[in-house]
Each structure stands twice: as C-alpha cells, then as structure tokens.
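Taking it in order: structure first as structure tokens, then the write-up.
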Amino acid sequence: MEYDFRKIEKKWQSYWYEHQTFKAVEDPSRPKYYVLDMFPYPSGAGLHVGHPLGYIASDIYSRYKRLCGFNVLHPMGYDAFGLPAEQYAIQTGQHPAVTTEKNIARYREQLDRIGFSYDWSREVRTCDPAYYKWTQWAFLKMFDSYYDNRLQKARPVSELVDSFSRTGTRDIDAACTKELSFTAGQWNSMTDREKSDILMNYRIAYQGETSVNWCPKLGTVLANDEVKEGYSVRGGYPVEQKKMTQWQLRVSAYAARLLDDLEDLAWTDSLKDMQRNWIGRSQGAEMVFKAYNGDLEYDMHIFTTRADTVFGVTFMVLAPESEWVEKLTSPEQESAVAEYLNEVKKRTERERLAETKKVTGVFSGSYAVNPLTGNRVPVWISEYVLAGYGTGAIMAVPAHDSRDYAFARRFNLPIIPLIEGCDVSESSFDAKEGIMCNSGFLDGMTVKEAIPAAIDYVEKHGIGHRKINYRLRDAIFSRQRYWGEPFPIYYKEGIPTPLPSSELPLQLPEVDKYLPTESGEPPLARAADWTYGGWPLEKSTMPGFAGSSAYYLRYMDPHNDSALVSRGADEYWRNVDLYIGGTEHATGHLIYSRFWNKFLYDLGYVCEKEPFKKLINQGMIQGRSNFVYRIINTNKFVSYGLKDGYDTTEIHVDVNIVHNDRLDIDAFRKWMPDFADAEFILENGEYICGYATEKMSKSMFNVVNPDMICDTYGADTLRLYEMFLGPLEQSKPWDTKGIDGVHRFLKRLWRLFYGKDGLAVTDGKPLPAELKTLHKLIGKARTDIENFSFNTTVSAFMIAVNELYDLKCSKRAILEPLIILLSPFAPHISEELWEALGHKESISFASFPEYDERYVVEDSCTYAVSFNGKTRFTVDLPKDMSREAVESEVRSLDQTMKYVGDGNIVKIIVVPGKIVNIVVK
RNA sequence: GCGGAUGUGGUGAAAUGGUAGACACGCCACUUUGAGGGGGUGGUGGGCGUAAGCCUGUGCGAGUUCGACUCUCGCCAUCCGCACCA
C-alpha cells in the first residue's frame, strides 16, 4: 500500500472539522495554555510559503502541549481593516468589505490545507461590527480616563473633574499635554467648552494639535512606526511634517511601566532592546536659564543628562518649531530668523535626514544667563534641536557634545574644555570619564561623581530638578481614511462628545466613493447622514493598530455581546503563553498592545498586566529568484555559464518553470507571448538560470505557493520541510530542492508500517536496541520542542526511522509511541497510522510518551582525572563499571601512580551519563 | 555613531567545554528494475597516499583549560534595529 498523502490529508482535515477536534472549552480541571499567532492581513495575493512558517511552529507547539495534557487555546482570525483593500476600492469602486471577504475565503482555504489545529469557532475579524464594537468601547474608556502619576494608573475623568471643582489643579499630578494651573473658583466659572478644552489636556484618548506625519499621496496622517526614512511603510510615498489637530493616545504616560515590565517577559534580548530604545529613557535634570530679549525676562527650561557640564555652556539653542523662538527673537534679528525658519520649513523630512551633516542655524538676538557662572551666552536657533523632545531647547556644551561642537565650529562660538587633559582641538570629548576642571565646585571630581553633585546643587538652589525624559511619543490615532473603525464621537456645539455606549457599534456608513471630498475632508464626509442627534460625527477613522491591540482578549470570549471578555474567561485564559510573529511589529503593535492591556488592567477589565508572556520571532522566508539573460536587441537567451560573452539584460523568470536552476524551455515559451519564439544558447543541452535571494513577491516571479507544495508533496511534507529548513528565528531563502529528503522520510516511515501485503505491525517484545532508539528520540523531542528547536527534532525523527528501518523493527510497542511523537509535526499521516493500529479516537487525545533514561545508557564514558584541583588527563572506560572499579583502574595507570604515590587520595565524582571526574586531593 | 545578532563543507545546517561537520540536499560509484524524477548499498571538508594511515581544518589574533566551534579579551566582515533624543 502506497503512502497516498492526498487522500489521507483530505480525510483527516474533514475528520477534524466534523468532530470539532480542536474546539477549546474552559475547563478548570486542566491547566490552560494559550498559543497565538499574529493574525494576518488578508491581502489579495494570498499566502506564499513564507507566511505559514510561524503558524506551523505554533501549531506544532499547540499539538505538543495538548498531548502533554494542557487545555490549549489556539485561535486564528484576520486583521482585516487596512490600506490595501481601500486603495483597491478607490481604483475599482468595489466595496472594501467585498474584497476583504473574498481574500479571507482564499486565506482560509490555504490555511486549511496545511492542517492547522485552530479552533475556528473563535475566529475574529477586526472589520466585523460585533468585533469593533469593543475597539470603540475601549476608545471611549480611554476618552473617559486620565493618568494619575502618583498612583501610576488610569483613573476616571470624573474623579479629575471632582478634584478640579474642589481644589483646582492643586492636588493633581496627572499626565498631560501641557502643565496647567488654576483654582477651583476658576474651574467652576468656566464654560462647557473651556472645561472640555482643559480636560482634553488630560484624557488618555485626546484631541490635540501636533506636528504629524502627513502623507499627501495616501491623504492621511501616519504614526511614527508607519514611517521609515521619510517614506510611508505602506506604499512607499513621501511623508511630510504638518501641524494638525488629531486624536491621540497618551501612550507616553505608560512609558515607565512599559519599560520596567519588559524585565519579566520571555522575549529575545534584541526585541526588548528595540522597545527600550523606542521608549528611550534618559535620566537627567531640567534646569532654568533666565533669558533676555532686550529688557524682557523669561524663564527658559532646558533638559540635560550632563548637568556636570554647565560650566562649559557657551550658547543655547532652540528648535525652530519651539514656542521660544517668537519670544526670544530680537527686532534686529527678525528678518534673519524669519528667513531661516522659512528655509527649514521648505525642506522635506527626507532632505533633512539626508543632510544631517550640514550645520545650519541663526542667532536669535537674545542672551541667556548661566545660572551657575552668571555668564551671558547667546541664544541660537537650529534644526539640530528637536521640538518634540525635552523642552525643545538645550544648553550647548561644545567641548563635550559632538553636535554642539560642530555648531560652535561652524559659527565660531567658544569651546571650554571641562575635563583634565582632554583634547578638543579636533573633536569634542563625549565620553563620561575623567577629572573635572574649569568647573568651580566640581573641580577634582570624576564625571560620575560630578553629575549627581551638580544636580544636587541645582536642586538646592532652586535652579532645577531631577527629571527622567522618555523618547516615546503619544500615538496619533486618527486616519483620514474610510476602511477603519469610526470614532464613537460626535460634536455637540463643537464639543467632542462620546456616543452613549448603547449606540455601539457605530457602523461604517456607505459612501459613493472612497476618496476624500473635494474640500479635503475624509471619505466619511461623503456619507449621506453622518450625524448623531443632529450633530456631526467624527469623520476620521481609527488606524490599523486599533483593531489588533486587544484581539488576543477577544479570542478568550469571542461571542460575548456584553463585554470584551467575561471575567470568567479572562481569569481562566489570562494571557498569551506563547506568541509567534515577525519582528516588524516590535515598535508598533507590540507597544500598542502592551499599552492597551495595561490600560484595561488599570480599569480592572483584565487580570494580567502583560499580554504576551513568551514571544518568538520567526525569521522571514525570502524568495530565491531565477534569471534568464536576453541578448540586447534580440529575442535570444544565453545560458548562465556563457552569458559573459554577450551583452545581456537580466530578466526575472517564474521560478515555477525552473527546476534545479534548469529552465523548462517549452513552459518558458508559453509563459509570456513575447517569448513564444525565443531562441536559446544552451550549455550541455540545457538552459541554466542565474539566481539571487530577494524578498518573495509577485513582481520578482519567485513566489512559491503552499498549495502547490501540498499538491505535489502533501501538507505533512510542507510542515516538516519548513521546520527542517533551519532555526525558526533565522531568515532563510526558500529552496524547494531539499524537500525530497523529508518526503522520502515520510514514505520510509510509511513502509515501516506497511509492507507489500498491507499492515505489517507485530506485537512482539521490543529489543534493547529498538527501545534505545525510541527513548533517545523521546528525550531529544521533549527538550528540543520545549526549546523550539524544531529543525533538530525533525533530524532526530529521521535518524530514529533510519535506525528502526535498519533493525527491521515492526513492533507496535515501538511504532505506536513513535507516531504520537511525530503527530505534532505531521498530523495527517500520524492520524492515519494511528487509526490503522486500531484506535478509534484522534491521536491528539493520546499522551506524549514518557522518557526512560534506563534504555539509553552509553556504553562508555570519559573520566577526567584531577590532581591538586586541576584536571590532568582523561580516560575512556566502560560505562557500567562500579566506582571502585574505576578507581582501581585509574590507580593502575602509570600516570596516576605518580600522583597517588605522593599520598594523594583519588576522589571520583559521578555525573550520570556524562563525564566522571576523578579528583585527586 | 549607539544597540543587538551572526560568522562551521559545494548548499541548508548539527554539536551540556569532551571523536567537528550529525541529519538532509547535491554529487560520484555500484545495485534492483522493462524503464524511471522509484527502492537499496557505499563514498563525499581540504592535502598527501593504492591502502592502512598521516597532516590540516569552525572569520582573524591572543588568552583560560588536560581539552575550545563553544568561555574571556581585541580586531575584521555581514545582517537587523535606532539614529541630530541634549
């Protein structure tokens, strides 16, 4: 009987479907385990072989955990709102919901063929109103909350209002856009509009004017993580800075907790570092410099991490966008400053980034006074100071900061060295080491002593205070697009007002076109009646990360109509034990999700402060492109080895008509009309193609479709091969060449069970050699699966099957555990063989075989002989020797006699299965 | 510039500090078959040798150790992330 994977896989996929084998139900009697994949955006292109890599890994782990007795939650869904569907809608007029639906169907079909153990009854789609009701709900909760810095948690805005009406801002320490100060009396006499404006300053979901990333081509604003090097991540269009009023989330309030709680997560160091960098904590001091524009005096606040260098301040610098620019520009400098600001504005973000080496700036005409030395220093304006960080103004210490140094050199400003023996003639001395000089009371201290000493002094004299700054900015939360969650906000007399929660979900309206209106309003402005109670509704929609921020919670209780997740479900499933996905979400989704979870945690809706306990980043699978070489101005193609003799252009060729780099010439002629009468210059009768590793994409013709692999080799082969390719975390090119190896392995496994005359399994007692093979495999599989080293596990299976094949083993007592072990990797063939052995129930309800060390004894081991605490030599002796026998054996060796003769005692340390140390004392 | 990771055959890769290259691809030889992109057997880091065998070998250079792909230090190269963050 042949291994008929097509029949087998179809059979078991429908079996699982009919029996709902993988349906997860809360069960307090069993420990839970939650395995989650980052849900995909259903794009029109469908899945290629790179996508399922992480899904296969998580599926193996889920099935393994299930065999180990865990109640496993392993759901899947779709991140279905997003730009591509909308761009497609703009071009074709087709409703994004229609294309999305179609793409989801295609994804599902492809996923099903690979044999995943998802509980599809828990599927979620972010674009489903029943789902986005809870996205809108969370937004309203954020709108209705502020962040209490003293309690370090979110609290209802009503408490803030209460406090304002009793004591004004006196008793409040809250995260805010701008420090405010007013009395209860002032508050109580404010109009509703004024109160609304004040509260916006504190809300966690708030509206505020900021400089945003505006993408004219996409007609929308973008978050920082959606922009790379001045271009949009989606589409690659130029992005510019623009001041706009936008909805934002006060993520920055959570910076400290997002940073600190990273500590306990089982994530990779590199990913944690990426988040640490993004959050960007720096410890320093905020200081006040008096600044004078003519006779006008101002308190200018600056932030520095190097308070020890105050004695070396020779000028101050303002960011061009800083509000100080206007106040500190003197009448004489007005035109020069205006000209500079104009110039800065004209340059795009892209140009600014490209010209970081170029030093520009202008003198404001004002002076500031160094609070420690009393020296008067000029105030300059330069774009190397960023408005969005710190206070948008800095004290410049050219001797010890390379940027200040470059600026001082360019504009001939003085440079005062503050560290003994440092040379600042060529460049600044940025290192935080050495002995202070020219620094008054700090002289003689090391830099490490001087920093806290300077801050202490500053605090004591009321010049400033300790401060921790974070680089993390609030997330811009509005998009001027159609295909996203509508905001449950309307404008009553112009005041942003939350919709009553009974009105949720606020569904997306129908529009005639998906483009902005002629007057530049977002597409929702096209809706016929986009109002509530006669007042206009918010016209922008939420960004992509809104829907993906809490989806892992919804899977716990996906059909609940009265809560995002019920308390019971949340307390049972708690949080994700294992999360698998790409690194590209390090500073986007993984920050927002953690923020969202912490917010819900503060309000008592969830019981865990972190959403994802363990995180694995699977590597990307790149494409392996093939090329043909066309001789210029002809329709003649020259083989790879001979191309250097001709003037050729390299053309991507579909990898599906190339086998082992050899071109299928007939298929090539049929591939595109242009090539129908192509001619070829061959080598050894074959056309050899060139190759390169590139991103897998349609335009490179290097996309390998998992369906195609399932057709020719089967899903089990695909699963094993993707794991066999190399370590999970590593990026690697897809190369179909090696797939025959794992396919052969499965056929060989099959032949272990089936001979020419059908099932050949016998009931005999297993031999020691057979037991050894089996238990070696169990031990290896257990540790390797726990460590997500799936490539070595697959190798171990191959070794075991080869050994059993050599032993001609057909014993049930060996083969039965073998297929249980294999079932997480190759579930279809395992189920089939399991059934052939007479089992009625699915193999996923079996239990993972126990490892027994006794069967896996090595016959010899290495003994290291120590003398005076140092190991002197090693000797190999049989494993089963007694301790005394080993000792006497070692004593009998000539070398040992030398040491033992000195009156030393031989001590033997036995490490089971490992090296045995014989220590001579 | 800062941070992280990686460096082993023709290829993907494996090695609690203990015989480097398991396993697989590819390649070579043989075998089975009417035939095969099927099954099987053997070989395959490099150098010398008919062979047994010998020498050499994990980016480079030191160090620790009886023993280093593995640990420490210093270089070099590649990849990823951040980047005028005061």
Side-chain angles (χ1 to χ4, degrees), chain A residues 2 224 228-229 268-282 284-285 302-307 309 316-317 319 352-353 355-360 382-397 400-404 406-407 430 469-473 583-584 586-587 617 619-620 659-661 712 720-721 724-727 729-745 747-748 751 783-784 789 791-802 805 861-867 870-876 895 911 913-915:
Chain A
E2 279 294 296
N224 281 344
K228 243 187 195 159
E229 290 170 7
T268 60
D269 289 339
S270 68
L271 199 87
K272 284 190 190 180
D273 270 329
M274 267 190 233
Q275 291 216 340
R276 286 194 192 106
N277 273 337
W278 192 259
I279 297 167
R281 179 190 145 106
S282 47
I302 60 100
F303 175 75
T304 180
T305 54
R306 293 293 302 272
T309 60
M316 311 291 285
V317 190
R352 236 175 115 155
L353 282 164
E355 297 170 15
T356 51
K357 296 273 152 15
K358 203 166 140 190
V359 181
T360 65
S382 172
E383 59 182 336
Y384 85 85
V385 175
L386 304 174
Y389 184 76
T391 61
I394 61 152
M395 63 177 212
V397 186
H400 302 290
D401 182 287
S402 53
R403 297 151 300 176
D404 297 345
F407 196 81
D430 292 13
N469 249 334
Y470 294 94
R471 210 177 64 99
L472 185 70
R473 316 284 170 83
T583 4
E584 66 271 21
T587 53
N617 296 114
M620 281 242 285
H659 308 284
N660 288 344
D661 291 337
T712 38
L720 281 167
Y721 186 55
F724 185 68
L725 225 41
E729 288 96 332
Q730 222 165 78
S731 285
K732 54 233 158 187
W734 176 267
D735 193 346
T736 310
K737 262 194 218 159
I739 202 166
D740 291 317
V742 286
H743 192 61
R744 267 174 216 153
F745 156 74
K747 285 199 284 195
R748 198 175 248 243
R751 286 206 305 272
T783 53
D784 281 3
S789 177
N791 56 330
T792 53
T793 320
V794 176
S795 292
F797 279 119
M798 291 181 178
I799 294 168
V801 167
N802 284 345
Y805 206 76
C861 68
T862 309
Y863 297 73
V865 182
S866 301
F867 174 64
K870 282 195 164 187
T871 307
R872 293 302 180 185
F873 59 92
T874 62
V875 55
D876 285 323
Q895 289 159 292
V911 185
K914 306 277 172 173
I915 297 166

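Quick note on labels: first sequence line is chain A, next is B, and so on, each numbered from 1.
Closest to the A:Ile799 side chain, of the nucleotides B:G38, B:C23, B:G40, is B:C23. Closest contact between the side chain of A:Tyr384 and the listed nucleotides B:A13, B:C84, B:C82 involves B:C84.
In this view, A:Phe797 and A:Phe825 satisfy the ring pair (Phe, Tyr, Trp, His ring centres under 6.0 Å) rule, not counting sequence neighbours. Partners of A:Tyr721 under the ring pair (Phe, Tyr, Trp, His ring centres under 6.0 Å) rule, at least two apart in sequence or in another chain, are A:Trp734. Scored by the salt bridge (charged side-chain N to carboxylate O under 4.0 Å, His left out) test, A:Arg751 finds no partners at all (sequence neighbours excluded). Partners of A:Asn791 according to the side chain to side chain contact (heavy atoms under 4.5 Å, CB included) rule, which considers only residues two or more places apart in sequence or in another chain, are A:Pro727, A:Ser789. The side chain to side chain donor-acceptor pair (under 3.5 Å) search around A:Asn617 returns none, not counting sequence neighbours. Applying the side chain to side chain donor-acceptor pair (under 3.5 Å) criterion to A:Ser402, with sequence neighbours excluded, gives A:Asp430. For the ring pair (Phe, Tyr, Trp, His ring centres under 6.0 Å) test, no residue two or more places apart in sequence or in another chain qualifies with A:Tyr389. Applying the side chain to side chain donor-acceptor pair (under 3.5 Å) rule to A:Asp401 yields the partners A:Arg403; only residues at least two apart in sequence or on another chain are considered. When the side chain to side chain donor-acceptor pair (under 3.5 Å) test is applied to A:Arg276, the partners found at least two apart in sequence or on another chain are A:Asp273.
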Is there any protein nitrogen or oxygen under 3.5 Å from a nitrogen or oxygen in nucleotides 24-27 of chain B, and what are the pairs?
unit_1	atom_1	unit_2	atom_2	d
B:A24	OP1	A:Asn802	ND2	3.0
B:C25	OP1	A:Arg744	NH1	2.4

Please list each protein N or O that sits under 3.5 Å from an N or O in nucleotides 32-34 of chain B, with the distance.
none

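Taking a pair as Watson-Crick or G-U wobble with both distances under 3.5 Å, the runs of three or more consecutive pairs in RNA chain B are B:1-7 with B:76-82, B:10-12 with B:23-25, B:26-32 with B:38-44, B:45-48 with B:53-56, B:59-63 with B:71-75.
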